[in-house]
Number of protein chains: 2
Amino acid sequence: MTPTLDAPAPGRTRRNRGSELVRSRLVAAAIGEFSAHGFEGASTRAIADQADAHQSQIKYHFDTKEELWRRCLDQLLAEVDIAIAEQPGVGSDDPRDVIESLIRGLVAFAAARPELNRIMMHEATSPSSRLTWLVENRLAQRRSDLLAAWNELVSTGQAAPVDADVLYHTLIGAASLLYANAPEAVLMGIQPNDPDVIQRHADGLVAMFLRPNT
Amino acid sequence: MTPTLDAPAPGRTRRNRGSELVRSRLVAAAIGEFSAHGFEGASTRAIADQADAHQSQIKYHFDTKEELWRRCLDQLLAEVDIAIAEQPGVGSDDPRDVIESLIRGLVAFAAARPELNRIMMHEATSPSSRLTWLVENRLAQRRSDLLAAWNELVSTGQAAPVDADVLYHTLIGAASLLYANAPEAVLMGIQPNDPDVIQRHADGLVAMFLRPNT
DNA sequence: GTCTATAATTAGATAGAC
DNA sequence: GTCTATCTAATTATAGAC
């Protein structure tokens, strides 16, 4: 891992380059620990060790464990937005193409980067300052966007009979649990990393959530 | 909470009644803590406090935190089996009725008792001795039973085009995430405890996973 | 910016009085 | 069976040398 591979972030001088690297390594390690063990189960020492840094550097770079956690979420949410935006039909005029792209983007991302769904499943089981921050500042808008696209589909009669109230969790649960719970799936003899499995999974969800275009 | 309401367990004398009560109170408290904070995030002191017992009684009654955790899972799995068995069509000859009962039973249980799915989502994010025990000794058989029923539905052409490989996680994710993540859903303005919401959720899943009976 | 040392707290497990 | 007291280890946070 050579520092010179990372360009300085905007507004930062060359002298900060090393610091940015440490920050990104800490975030990367923290994403792994938070997703595997939850916020409370993850230790800052384990995170620092994985990042080849010292535990006290977390205080210097992020002040608290919770602020580090928020940086992890922002990193992952940026990635899921990219994964969805990369889908071919995402900007289509046809609401069916938009929802299909969203479903395929969610499956592809959950499979490639299960950490976001894992962290969500850890956090959403009980109220906390982190969960409130996450929903209010990061997730509420995304859910609104999904519902807007879904309502377009409903208006053209192509949506499956899924209530708007439950759509968000039904779709995300159906799309991501297999990958979020990959260690369990593997013990059950499933290969959640097999591209064929992922493809058939996405195809099945598209067929279920979108009504046949008669 | 009166001890006399609990009958002595089979093979136990009247003198053990108090002990059985403490055990059941510890299990009940532990289910709440494990589901909210995960195994690592839950503390045996908080569990004992909630059960009006002392932390060291966990050692006496269950020896280790992990053994207490296993008792919690057995309690919850017994409850989900009952919830499914209570569905009217579960013993039907028609495979469609069997799957419909399973879906409705899963939704009803996840809504009424989200703790099981919460604990599963905490545990299944990384390998552990607990996860291996759980899958091998408790879940593998249940998944086989589901797949057997599903294959019957496939053979009669009434199953949605969902691969057998991914069916288990797709169905459980679609049925339970809303309730497992209820604290998040509430922050989003959803009422996961509203019987109407639950009813429409179950209806939607039945319509999606079962092909129209043409 | 980095790193050592440590404070303050809490964890699970346990010994032994009652 | 219950409960007090305590052990060992791990936790986050922090002060200060370099």
Side-chain angles (χ1 to χ4, degrees), chain A residues 1-4 6 8-9 11-27 29-30 32-34 36-72 122 128-130, chain B residues 1 3-4 6 8-9 11-27 29-30 32-34 36-72 122-123 128-130:
Chain A
M1 193 73 69
T2 57
T4 50
D6 280 14
R12 297 202 169 260
T13 67
R14 203 170 179 289
R15 296 188 62 177
N16 292 102
R17 190 180 276 179
S19 185
E20 287 300 318
L21 179 68
V22 172
R23 293 166 71 91
S24 69
R25 290 172 65 92
L26 283 170
V27 167
E33 290 298 294
F34 286 140
H37 306 294
F39 180 82
E40 299 168 289
S43 97
T44 54
R45 272 191 167 74
I47 292 168
D49 284 352
Q50 276 189 35
D52 269 318
H54 285 78
Q55 185 246 351
S56 48
Q57 284 176 271
I58 290 176
K59 158 120 180 126
Y60 179 79
H61 287 289
F62 303 97
D63 196 42
T64 63
K65 185 185 182 183
E66 184 155 339
E67 177 60 23
L68 170 59
W69 180 91
R70 280 195 286 266
R71 299 305 190 97
C72 292
H122 284 301
S128 70
S129 57
R130 301 184 300 279
Chain B
M1 193 74 70
T4 51
D6 280 13
R12 295 201 171 260
T13 68
R14 203 173 179 289
R15 296 188 62 179
N16 292 100
R17 191 181 277 178
S19 186
E20 287 298 317
L21 180 68
V22 172
R23 294 166 72 90
S24 69
R25 290 173 65 90
L26 283 170
V27 167
E33 290 297 293
F34 287 141
H37 305 111
F39 180 82
E40 299 168 289
S43 95
T44 55
R45 275 187 169 78
I47 292 168
D49 284 352
Q50 277 189 33
D52 269 318
H54 285 78
Q55 186 245 349
S56 48
Q57 283 176 271
I58 289 176
K59 157 113 179 135
Y60 178 80
H61 288 289
F62 303 98
D63 197 41
T64 62
K65 185 185 183 184
E66 184 155 342
E67 177 59 23
L68 170 59
W69 180 90
R70 280 194 287 265
R71 298 304 190 101
C72 293
H122 284 301
E123 292 299 329
S128 70
S129 56
R130 301 184 300 280

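All chains are named by letter (A, B, ...) in the order of the sequence lines, taking the proteins before the strands, and each is independently numbered beginning at 1. Treat the numbers as computed from the prediction; the structure is a model and nothing was measured.
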Atom CG of A:Leu26 to atom C1' of C:dT2: distance rounded to whole Å?
-> 12 Å
Length of the CG-P vector between B:Asp52 and D:dT2, whole Å = 12 Å
Residues from residues 53-64 of chain A lying under 4.0 Å of DNA chain D - heavy atoms | A:Gln55, A:Ser56, A:Lys59
Please step through side-chain contact (heavy atoms from CB on, under 4.5 Å) for the pair B:Val27 and B:Arg23, ending with a clear verdict.
-> CA-CA 6 Å; B:Val27 167; B:Arg23 294 166 72 90; 5.6 Å; no
A:Phe34 vs A:Phe39 aromatic rings, parallel, tilted or perpendicular, using cut-offs 30° and 60°?
-> parallel
Could you check whether A:Ala46 gets within reach of a base, just the sugar-phosphate, or nothing at all, counting any heavy atom under 4.0 Å?
-> nothing
Distance col, row B:His122:NE2 vs B:Arg130:CZ, nearest 0.5 angstrom, shows 11.0 Å
Nearest 0.5 Å please: distance from the NZ atom of A:Lys65 over to the CD1 atom of A:Ile47.
-> 6.5 Å
With rounding to the nearest 0.5 Å, note down the distance linking OG in A:Ser128 to CD in A:Glu40.
-> 8.0 Å
What does B:Ala48 touch in the nucleic acid at a heavy-atom separation under 4.0 angstrom: a base, only the sugar-phosphate, or nothing?
-> nothing
Calculate, to the nearest 0.5 Å, the distance between atoms CD and OG1 belonging to A:Glu33 and A:Thr44 respectively.
-> 10.5 Å
Take the protein atom CZ of B:Arg45 and the nucleotide atom C1' of D:dA10, then report the distance between them rounded to whole Å.
-> 13 Å
What is the distance, rounded to the nearest whole Å, between atom CD of A:Glu66 and atom P of D:dT11?
-> 19 Å
Separation of C:dG12 P from B:Glu67 CD (nearest whole Å) = 16 Å
Value in whole Å for how far the C1' atom of D:dT2 lies from CD of B:Glu20 | 16 Å
Can you tell me the distance, in whole Å, between the NZ atom of A:Lys65 and the P atom of C:dT9?
-> 18 Å
